[in-house]
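Just so it is clear: chains get the letters A, B, ... in the order the sequence lines come, proteins before strands, and each one is counted from 1.
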Amino acid sequence: MQRRDYDFEAIEKKWQDYWEKNKTFKVQDFSEKPKYYVLDMFPYPSGAGLHVGHPEGYTATDIVCRYKRMRGFNVLHPMGWDAFGLPAEQYAVETGTHPSITTKKNIEVFTRQIKALGFSYDWDREINTTDPKYYKWTQWIFLQLYKKGLAYIDEVPVNWCPALGTVLANEEVIDGKSERGSHPVIRKPMKQWMLKITEYAERLLSDIDELDWSEGIKEMQRNWIGKSTGAEVDFSVCGQNDKIRVYTTRPDTLFGATYMVLSPEHPLVEKITTAAQKAQVDEYCRKVSTMSDLSRTDLNTEKTGVFTGAYAVNPVNGEKIPVWIADYVLISYGTGAIMAVPAHDTRDFEFATKFSIPIRCILKPDEKEAAAAGIDVASVLEGKLCWPGNGVSINSSNSDGLDINGLEVEAAKKKTTEWLEEKKIGKGAVNYKLRDWLFSRQRYWGEPFPVAHMEDGSIKLLDESELPLLLPELEDFKPAGSGESPLAKAKEWLNYTDPVTGKKGRRETNTMPQWAGSCWYYLRYMDPFNEECAFDLKKEKYWMPVDLYVGGAEHAVLHLLYARFWHKVLYDIGVVSTKEPFKKLVNQGMILGQSYKDERGALVPSDMVEHTEAGPVRKDTREKLTEFAAKMSKSLKNVVNPDDVIREYGADSMRLYEMFMGPLEAVKPWNTRDIEGVYRFLKRSWRMIAETETVNAEMDKSQLRLLHATIKKVSSDLDTLGFNTAISQLMIFANEFSKLDKLPREAAETYVKLLAPFAPHIAEELWEIIGHKDSIAYEKWPEYNEEYIREDEIEILVQVLGKPKARIMMPAGASEELMRNMALENDAVKAAVQGKPLKKLICVPGRLINIVV
RNA sequence: GCGCGGGUGGCGGAAUUGGCAGACGCGCCAGACUUAGGAUCUGGUCCUUACGGGUAGGGGUUCAAGUCCCCUCCCGCGCACCA
């Protein structure tokens with residue numbers, strides 16, 4: 001075998017061993033240096049191992065960490081495992097293998113793969129959510145939530161998945177099917193633990209403003225919380241004492257309310273329904289209750305509903321209006337009842353049209369807005385078209401002191417709300433889309449709740465000294481089928497006796513959802529082995545908040561919202577010192593795989609594709625195929641395994657390619673062919689340093705300029721996470737300096753330092769080759785000198801009428817006067833101007849001149 | 001439908017925020033070295049023979065527009081009867 005000049009395999013092994021043996025990246029608490037906490041979203045260790053999406057974020061954070069260390073920061077950069085979860089449990093159901101065994105094995109694979117990329121984690125802080133020493137404190141936090149009144153049991157219709165034998169959270173149900181496995185999901189009432197995240201809705205919303213997160217993610221969180229302001233209004237039911245309370249964001253349209261709608265689940269439905277309508281109403285309610293969420297939302301296009309036979313009184317004009325029930329009104333939002341204003345609400349309009357309910361226009365549309373939307377104002381006024389937009393109120397006054405005619409929407413809302421409050425029939429109100437968090441799962445592989453249900457019906461919290469409450473050993477991991485978790489089969493474990501009173505009870509059989517462990521793991525890293533408390537307060541004060549948090553956008557709302565919620569609770573009980581956990585958040589974009597489709601657009605698995613000179617064809621039929629990028633999946637066989645890439649090109653090339661592909665946050669297509677480019681770059685770097693004589697020579701002006709421009713560009717790009725452009729600058733440098741026969745020492749040393757965060761193994765090796773004994777990891781980051789970057793002469797573009805005509809070298813600090821003269825004397829410029837009179841001359845110093853004639 | 005991103009060579013992507021569009025890389029073409037090349041090096045590579053024309057399409061502001069404004073089209077992501 002021929003000698004490989006750049007032997008990445010040996011080099012990478014050597015330095016990974018070195019870092020491990022010397023504990024190069026072990027971090028000290030309370031160092032004098034400024035702290036910097038960089039966090040990756042810790043992975044669920046799945047059986048499939050790492051895919052190329054994982055190292056994308058990990059590489060980015062690792063580069064930042066290595067850079068910050070060289071900048072003199074004390075960097076906390078930990079890794080751990082979000083190891084509770086359904087897949088290991090499903091595997092246990094199928095094979096009888098205990099989830100802890102599967103989990104352990106998977107973690108070993110993940111660890112090996114992650115270490116092979118040379119990330120500078122402090123492995124001495126590794127945590128695992130399934131470790132009793134960890135989940136003891138997850139349980140402890142639950143106790144705190146309960147004590148604050150934020151945890152309660154409620155009987156709620158939940159998403160029951162018969163195939164999985166478990167209840168799923170709303171987030172785990174996609175289009176009425178389970179996110180995992182795509183099994184049908186139906187609604188079933190069950191006793192569940194809930195967390196009152198709604199109590200924190202306002203703070204979760206308003207504190208978003210101070211976060212350094214991408215606007216997109218912040219907006220998603222705002223939408224998820226979904227704050228709206230409006231009013232609650234009471235409508236009395238004709239012939240009864242009952243009142244129907246509605247929530248509306250448009251109190252200004254009360255005069256246009258021509259009917260009301262209750263959600264089928266509304267408690268008043270039964271009471272107000274007349275005998276004549278009872279059969280129909282019951283039938284409708286029955287139908288809706290058995291419907292899955294999917295079929296219920298399916299009815300999007302066609303509204304359904306039934307008249308209850310009852311009437312209510314519109315409080316602004318005393319009018320009798322019919323009360324209907326319809327499934328387009330949700331019991332879980334607002335008051336579960338609405339006043340319907342068909343003229344100014346598209347849903348009500350559809351409903352009213354279908355059931356021939358009067359439509360009364362009480363808002364004259366804004367002419368401009370209506371024209372822009374292509375809406376005919378006259379039709380709106382006749383009640384033939386719906387206008388949900390702006391305008392002024394009409395036909396909106398009563399004899400009881402309310403007159404909003406002529407007012408714009410905002411003013412009309414305000415005035416109506418004041419009137420309602422004065423008459424004590426309503427008040428201003430705020431609503432959120434955010435619901436309380438369904439916090440139990442009917443699973444084995446999760447944190448047990450530290451509670452017992454006592455025989456007298458009370459709930460007993462375990463004492464802190466009884467934690468952790470361990471999971472019982474089981475042999476059969478199948479769900480109980482009744483909806484209870486497999487824990488219901490753990491006979492002895494179930495029995496609880498209060499150590500103080502001797503009273504008996506039964507342990508909670510639900511376990512916590514996977515989100516629980518990830519809600520506070522970033523805190524445990526600061527103090528991972530503390531047995532006295534979840535984490536030391538002084539350490540928390542030193543390390544928090546997380547300065548940079550990188551992870552996939554799939555956690556844009558749920559994990560990040562839940563973690564923020566817990567953090568605020570912990571803040572309120574005084575164990576954390578910051579209002580928010582994650583100061584800066586970056587979502588890495590998904591990496592897509594090379595995929596193929598035929599002319600009909602049918603997808604073709606990658607192993608069926610052959611590459612010919614004319615392009616990709618289908619192996620068996622020779623049909624022409626087109627290449628495109630699609631999410632990596634088993635079925636398309638377009639998944640790239642980092643192990644293969646590392647074997648072929650090395651970890652440094654892998655790291656560089658992941659960063660060079662494009663901006664961190666962008667969705668990018670993987671193309672194995674392109675790795676060749678960064679690999680060549682590393683080989684060139686190798687030859688430039690390792691196989692070129694290093695001399696103590698001065699650099700000339702242009703060399704100094706390039707060196708310092710490179711320091712500047714790489715540094716500023718690292719500050720803004722512009723990894724792709726930083727690498728391209730390093731390439732420019734290597735392209736130039738690799739031409740030299742002898743490399744000036746200063747250039748060599750500086751370059752290796754700049755390269756080190758990106759490609760640490762080769763950098764360590766080169767650093768050693770040019771004569772250093774210690775690791776490069778804590779070398780001082782180079783500083784640039786603006787002096788050297790400045791050019792003496794700058795090429796100035798001269799345009800005539802905006803068209804480039806000449807490029808003239810001018811002194812760097814040339815005055816406008818000088819620039820102007822030099823430009824006008826230029827032959828090419830003279831030719832373009834042709835003696836025409838000068839109308840205007842724009843001079844941008846250091847850049848260009850534009851002559852207008 | 002609503003909200004948020006985005007549309008630049010054959011491909012991945014640059015462009016100091018209004019100032020020479022296409023940096024850097026892949027691919028491709030030509031050449032050098034070579035027994036050999038999936039090694040390395042050199043040169044070329046937006047379109048057009050040219051004049052010129054080009055950043056999804058159309059209009060506008062400006063001395064100057066990929067960048068700002070208006071309209072249209074397309075793609076991705078999120079939410080989806082939230083009153």
Practice task
Report which part of the nucleic acid G216(A) touches: base, sugar-phosphate, or nothing (heavy-atom distance under 4.0 Å, all strands).
Solution key: sugar-phosphate
Problem - Phosphate contact (G3(B) OP1 or OP2) by R222(A) side-chain N/O below 4.0 Å - result: no
Practice task
Identify, with sequence neighbours excluded, every residue that meets side-chain contact (heavy atoms from CB on, under 4.5 Å) alongside T198(A).
Solution key: D436(A)
Exercise for the section: Would you indicate, yes or no, if A83(B) has its OP1 or OP2 atom less than 4.0 angstrom from a side-chain nitrogen or oxygen of Y333(A)? Expected result: yes
Exercise for the section: May I ask you to check whether Y784(A) and H708(A) place their ring centers less than 6.0 Å from one another? Expected result: no
Handout entry: Heavy-atom protein contacts under 4.0 Å, nucleotides 16-28 of chain B, coded B base, S sugar-phosphate only, - none
Key = B--BB--BBSSS-
Handout entry: Step-by-step salt bridge (charged side-chain N to carboxylate O under 4.0 Å, His left out) determination, R222(A) to D209(A)
Key = CA-CA 10 Å; R222(A) 289 191 191 104; D209(A) 295 339; 3.2 Å; yes
Handout entry: Pairs involving residues 723-732 of chain A, ordered by first then second residue, that meet salt bridge (Lys or Arg N to Asp or Glu O under 4.0 Å) (sequence neighbours left out)
Key = none
For a quick test of your reading: what N or O donor-acceptor pairs under 3.5 Å do the side chains of residues 657-664 of chain A make, sequence neighbours left out?
from	atom 1	to	atom 2	distance (Å)
Y657(A)	OH	N671(A)	N	3.0
Y657(A)	OH	N671(A)	O	3.3
E658(A)	OE1	E56(A)	N	3.2

Exercise for the section: Look at S228(A) and A83(B) and indicate whether a side-chain polar atom (N or O) is within less than 4.0 Å of OP1 or OP2. Expected result: yes
Show me the protein contacts with nucleotides 66-71 of chain B, counting only N or O atoms at under 3.5 Å.
none

Problem - Opposite nucleotide pairing with C20(B), Watson-Crick or G-U, both atom distances under 3.5 Å - result: none
Problem - Residues in side-chain contact (heavy atoms from CB on, under 4.5 Å) contact with V557(A), at least two apart in sequence or another chain - result: M220(A), Q221(A), W224(A)
Exercise for the section: With heavy atoms under 4.0 Å as the rule, sort S214(A) into base, sugar-phosphate or nothing. Expected result: nothing
Problem - Whether Y6(A) and Y679(A) hold their rings parallel, tilted or perpendicular, with breakpoints at 30° and 60° - result: tilted
Handout entry: Nucleotide forming a Watson-Crick or wobble pair with G5(B), both distances under 3.5 Å
Key = C75(B)
Exercise for the section: Indicate whether OP1 or OP2 belonging to C63(B) is found under 4.0 Å from a side-chain N or O atom of K840(A). Expected result: yes
Exercise for the section: Can you check whether any acceptor in the base of C79(B) is under 3.5 Å from a donor in the side chain of K433(A), or vice versa? Expected result: no
Practice task
Considering only atom C1', compute the distance from G59(B) to A14(B) and round it to an integer number of Å.
Solution key: 29 Å
Problem - Nearest-angstrom distance, C1' atom, U49(B) to G13(B) - result: 31 Å
Practice task
Looking at every strand, decide which applies to K839(A) at a 4.0 Å heavy-atom threshold: base, sugar-phosphate, or nothing.
Solution key: nothing
Practice task
Step by step, work out the salt bridge (charged side-chain N to carboxylate O under 4.0 Å, His left out) result for D252(A) and K413(A).
Solution key: CA-CA 4 Å; D252(A) 60 307; K413(A) 278 187 194 175; 5.4 Å; no
Problem - C1' gap between G9(B) and C29(B), integer Å - result: 16 Å
